[in-house]
There are 2 protein chains.
Amino acid sequence: MDSSDDGARGALTEEDAPSAAFADDGKNTIGSQLASRLREAIISGELEAGSKINLDRARKTFNVSLSPLREGLARLISDGLVEFQDNRGYRVAPISLANLEEVTTLREELEVFALRESIRVGDVEWEGNIMRALHRLNRTERDAARPETLEHWEALHREFHLTLISGCGKPLLLHFCNLLLNLNDRYRRAFLVRTSGDRNVGQEHSEIAQGAVARDVEYACEKLRQHIHRTGTNLRNHLATKGVA
Amino acid sequence: MDSSDDGARGALTEEDAPSAAFADDGKNTIGSQLASRLREAIISGELEAGSKINLDRARKTFNVSLSPLREGLARLISDGLVEFQDNRGYRVAPISLANLEEVTTLREELEVFALRESIRVGDVEWEGNIMRALHRLNRTERDAARPETLEHWEALHREFHLTLISGCGKPLLLHFCNLLLNLNDRYRRAFLVRTSGDRNVGQEHSEIAQGAVARDVEYACEKLRQHIHRTGTNLRNHLATKGVA
DNA sequence: AGTATTGAAATAATCGATTATTTGTCAAGC
DNA sequence: GCTTGACAAATAATCGATTATTTCAATACT
């Protein structure tokens, strides 16, 4: 199950990992590399939601054989980013208003639960990781003009949310949350160039983090829930504007 | 000491288990059929938890080529029944006390939430399906002496729990619950030959179903939560007895 | 006209063989 | 005696070719 959750991936991996003499653990096989590339391609919208994935074309595009291609695609199924049907191949998971709402609802349920558990059993290192992730996130500006900064911000944002709940000691729960975050990020990357004016997302993150390390369960959880909910509402509006059912 | 924990030293199923009609639609691919067979083999304990899956041996056992074998295994990863590591192959997901506890906890969270939603938005057909599933389950006896009745009961039991929450209208949530049920069933199949004397599981199921169709949210959800919790406690005791960490 | 049929093209699934990586063993060196 | 390194066996990953299935369009039929 965690084969797909190798922590840092995508844009994140290139950034750090300057030292590590044995850094090559995790992206060795062609199948794995393909999984990463495809994941990024789907989340970023490069591969259109709902579109069919032609194996032959993909094979040529990526210069690989069928076996690793199928291998990579199979992993994205676990991530909920690809759908599959016998004898009918693969397609990029479609997006919809209903799906966005479900993702948001489940994030409110699961991420908040995971945060509650993290506050209950997380150790000091967990606290430290939160503060670091928060700092790195708040120090990074999203500049819509330069896509690479967007990507970077997304990576840090994702990292922050995962770190928040990383202390819960429940691998399965983390897997679910990771998956939901994947799905959610796709909507944001597609529709949210900037946050609506009435929000200060940076402050929202800070409040959640403060509450977490202060072990104030109710405060932190409520702030997180609101944060997720607002993001959902925001995305829903954008989605509706674009005319997606 | 009584149960059949002979492990079967890598003896994967030779011939088709002469069990129920698995004929299915003949339009399935080899990969799909393998996924089904392997899933059953893992949940039933035929393939020992934590054991390595040797591709070459499995290939010979099932008389198939590598491609569909990998295909099938890849699907079981989504189900949380198989783990994978680059260049190091596949292994049956291990079981542990911690995992059982997490599965139980998450079932309490997710299944109960899904039931709540189902009661809120489920239609009359959903109600009907529950009553049918309940009836079929209660009409079936578990006879420890005959394994095929166990298998049948397991299928109906699973069907009942899935039907209960099938009205929620949240595909992702159902996917998670389905996955948790898979993991949970593995523990029951392995350790629970009979329920402890102080429980009347049949009545528990009936109460949950009654509450659901009566749209009594609090009653039904609380009964379900207790049902899941009791099962978890029960399994934990059996697991501890067997000396699993 | 509309529906059913058929066969070729497109696409997916599978196979057998080959290549790459890991694991286990044993001897050389310290 | 213990570690290190080289080699061989075991195992996993990948490839190119072949087989099976679906799609689609042209044709025949009612």
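Below, chain A is the first sequence line, B the second, and so on; all start at residue 1. The shown structure was predicted, so the numbers you read here are calculated from the model rather than taken from an experiment.
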(message) Among D/dC15, C/dA17, C/dC15, which nucleotide has an atom closest to any side-chain atom of B/L66?
(response) C/dA17
(request) Grab the CD-C1' distance between A/E71 and C/dA12 for me, whole Å please. (result) 16 Å
(request) Name all residues meeting the side chain to side chain donor-acceptor pair (under 3.5 Å) criterion together with A/E117; count only those two or more places apart in sequence or in a different chain, and write none if there are none. (result) A/R120, A/K170
(request) Taking side chain to side chain contact (heavy atoms under 4.5 Å, CB included) as the test, write out the residues that go with A/N54, two or more places apart. (result) A/D56, A/R57
(message) Heavy-atom nearest nucleotide on DNA chain D for B/G89 versus A/S65: which residue maps closer to 5'?
(response) B/G89
Could you write out each protein N or O paired with an N or O of nucleotides 19-25 of chain C at a distance under 3.5 Å?
residue : atom : partner : partner atom : Å
C/dT21  : O3'  : B/N87   : ND2          : 3.3

(request) For A/L179, enumerate each residue passing the side chain to side chain contact (heavy atoms under 4.5 Å, CB included) test, keeping only those at least two apart in sequence or located in another chain. (result) A/H175, A/L183, B/L172, B/F176
(message) B/S67: which residues meet the side chain to side chain contact (heavy atoms under 4.5 Å, CB included) condition with it, sequence neighbours left out?
(response) B/S65
(request) Identify, with sequence neighbours excluded, every residue that meets ring pair (Phe, Tyr, Trp, His ring centres under 6.0 Å) alongside A/H157. (result) A/W153, A/H161, A/H205
(message) If I take atom CG in residue B/L73 and atom P in nucleotide D/dA12, what distance separates them, rounded to the nearest angstrom?
(response) 10 Å
(request) Under the ring pair (Phe, Tyr, Trp, His ring centres under 6.0 Å) rule, collect the residues that match up with A/F84, sequence neighbours excluded. (result) A/Y90
(message) Contact list please: residues 52-60 of chain A against DNA chain C, heavy atoms, distance less than 4.0 Å, in numerical order.
(response) A/K52, A/I53, A/N54, A/L55
(request) Go through the structure and list residues passing side chain to side chain contact (heavy atoms under 4.5 Å, CB included) with A/E48, not counting sequence neighbours. (result) A/S51
(message) Within this structure, what is the CG-OG distance for the pair A/L34 and A/S36, rounded to the nearest 0.5 Å?
(response) 9.0 Å
(message) Can you measure A/L69 atom CG to C/dT11 atom C1' for me and round it to whole angstrom units?
(response) 13 Å
